[in-house]
Amino acid sequence: MYATPASAALTRRTVLRTAFTAAVLAGTAAALAPVLRARRPRQTLTPAPLVEETYRGRNIAVDHAGVRIDGRPLHVMRRADGSYLSGINHFQSFGTRLELARAAVDELGTTQLAFAAPHHG
Amino acid sequence: MYTRQNQKNLTSAQKKRFTAAVLELKRTGAYDDLVRTHDKYFVPDRDSKLRVGHMSPSFFPWHRRYLLQFERLLQAVDPGVSVPYWDWTADNSPVSSLWAEDFLGGTGREGDRRVMTGPFAHEKGNWEITVGITEARFLTRNLGRPQNPIALPTAAELQWALDDPTYDTSPWDSTAQGGGFRNKLEGWAAPRSERWRNHNKVHQWIGGHMTGGTAPNDPAFWLHHAFVDLLWDRWQLRHPGSGYLPAAPLALGDLQRGRVIALDEPMPPWDLTPRDMLSHQGLYRYE
């Protein structure tokens, strides 16, 4: 019924890199040059996520700034042992932010995070 | 002086009065203020800030005072109502009478986890979620988490916490592993094979809103915490020579100084100390 975590991980960058490599091998490097130039400034403005995957049909993105699910920020907190808690999971913690995000998706079902969430004092 | 009853012994008239008073607090906005308080005071223990409600020794006294605030509001609506408790080691099934149409309603439906039965179902028109971190305006639950099943704590698991004669131990947070009733009952301390126990596990078992900082959006929160409150009594009875710790403010140089509440320090948002909350004699008793 749901995609498993193992089958879910393939980053957008990996997909792009593979596509470009294939294109270069096919001898169309010149044709791609404008595309590569066009990508550069956009990358500076919006750094690619460290990890991005589709999990149970939801987009998870983890980068230095935080965790997003379908583009919406997930409030992330830390426990003294270094593990992670989120606005969705306050009574359980996870070893990595990707595990934290997947657990949030499991709990959310088909619901979306709100864009503006209440914050702790 | 009034009695907090085991929820399984409530008559249908008592269930009706309890849920009617809760719905009235929701209508006036007082209920949502309580939800905000819980979320605001959840401070994780990596932060160098004061923790009053969770991952800290004042977990029991803070929630005792918090429940009293809720109960006083309820009693202003209906003086005959008190907070029932839910013994989750005994009534441990999604088909328990607790989750019936005439009380808290049942689990959420597949997909969006929306609660469809009982007085808190969104379709009844009286339970709009306004303090949440998702777009859901309806109450959500996922009893027993069928996709990744979890069981409620057993009597043996609870006893493991109650048997510990030490109230709490350094570093007074979620990593306190050397023993300590508080962390074993709050549920961060657990054998490696399990990871989560007791109080934390109950939040996870209910699922939906109960797994997050706005857990009191689900009225099941109060019945869960009334039982946690009763368990503090049981621990005190079992270990009459033990008491709340830390008894005095932590020494200069202790990393937890200023981050946890000692016996005679006030617990925000109230001007009350753990000592003030050690006993509820004369206020209420448990059946």
Side-chain angles (χ1 to χ4, degrees), chain A residues 1-8 55-60 66-121, chain B residues 35-47 49-50 54-55 108-114 131-138 140 142 145 147-148 150 171-177 186-188 195-196 199-204 206-215 255-256 268-269:
Chain A
M1 182 158 85
Y2 296 106
T4 63
S7 72
Y55 176 71
R56 292 189 167 177
R58 311 286 293 265
N59 176 271
I60 291 175
V67 177
R68 276 162 288 131
I69 296 174
D70 290 344
R72 296 162 188 236
L74 177 69
H75 180 49
V76 176
M77 301 173 289
R78 303 293 295 276
R79 256 180 83 195
D81 65 2
S83 61
Y84 296 89
L85 304 141
S86 78
I88 296 293
N89 291 99
H90 267 50
F91 304 98
Q92 186 175 9
S93 63
F94 301 85
T96 68
R97 291 186 299 166
L98 183 58
E99 288 173 66
L100 181 78
R102 287 174 182 163
V105 167
D106 290 342
E107 206 56 56
L108 281 166
T110 56
T111 303
Q112 286 286 6
L113 287 169
F115 275 112
H119 276 282
H120 299 289
Chain B
V35 178
R36 275 184 210 98
T37 299
H38 189 270
D39 191 49
K40 182 177 173 189
Y41 286 93
F42 188 101
V43 175
D45 54 8
R46 180 109 162 187
D47 295 10
K49 292 196 279 189
L50 177 66
H54 305 86
M55 301 182 176
R109 67 181 179 188
E110 271 198 54
D112 63 8
R113 310 270 160 77
R114 183 192 306 228
V131 188
I133 65 153
T134 73
E135 287 195 333
R137 305 288 283 180
F138 44 84
T140 57
N142 191 25
R145 216 172 56 188
Q147 299 81 353
N148 178 18
I150 181 174
W172 318 105
D173 62 10
S174 73
T175 68
Q177 292 284 354
E186 187 179 357
W188 300 107
R195 299 206 65 197
W196 322 110
H199 156 268
N200 282 349
K201 203 195 251 181
V202 176
H203 278 273
Q204 293 170 33
I206 295 175
H209 279 101
M210 272 293 270
T211 66
T214 63
L255 286 174
Q256 291 293 325

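Chain letters run A, B, ... following the sequence lines, proteins first, then strands; residues in each count from 1. Only this structure's heavy atoms are used, side chains among them; waters, hydrogens and symmetry mates stay out.
- Looking only at heavy-atom pairs under 4.5 Å with chain B, the residue among A:Q92, A:Q112, A:E107 that has the most is A:Q92.
- With rounding to the nearest 0.5 Å, the separation of CZ in A:F94 from CZ in B:R195 is 8.0 Å.
- If you measure heavy-atom distances from A:S86 to chain B, you find no contacts under 4.5 Å at all.
- Using a distance-only test at 3.5 Å, with no hydrogens or angles considered, a donor-acceptor pair links the side chain of B:D45 to the main chain of A:A80.
- Annotation: the span from A:R78 atom CZ to B:D47 atom CG amounts to 10.5 Å, rounded to 0.5 Å.
- Side-chain atoms of B:N142 and A:D106, non-hydrogen and from C-beta on, never get closer than 4.5 Å to each other.
- Between A:F91 and B:M210, every side-chain heavy-atom pair lies at or beyond the 4.5 Å cut-off.
- Remark: B:T211 OG1 to A:I88 CD1 distance equals 6.0 Å, nearest 0.5 Å.
- Within the 4.5 angstrom heavy-atom criterion, only side-chain atoms of B:M55, from C-beta onward, approach chain A.
- Across all their heavy atoms, B:R113 and A:G109 have their closest contact at NH1-N, 3.8 Å.
- Residue pairs meeting the salt bridge (Lys or Arg N to Asp or Glu O under 4.0 Å) criterion with at least one member in residues 82-97 of chain A: none, sequence neighbours excluded.
- Of the two parts of B:R36, neither the backbone nor the side chain holds a non-hydrogen atom closer than 4.5 Å to a non-hydrogen atom of chain A.
- B:D112 meets the salt bridge (Lys or Arg N to Asp or Glu O under 4.0 Å) test with B:R109, B:R114; sequence neighbours excluded.
- Ranked by non-hydrogen atom pairs under 4.5 Å with chain A, the options B:H199, B:H54, B:H203, B:E186 are led by B:H203.
- Using a 4.5 Å cut-off between heavy atoms, B:H209 makes no contact with chain A at all.
- Rounding to the nearest 0.5 Å gives a distance of 9.0 Å between CG of A:D81 and CH2 of B:W188.
- Using a 4.5 Å cut-off on side-chain heavy atoms (C-beta onward), B:E135 and A:R72 make contact.
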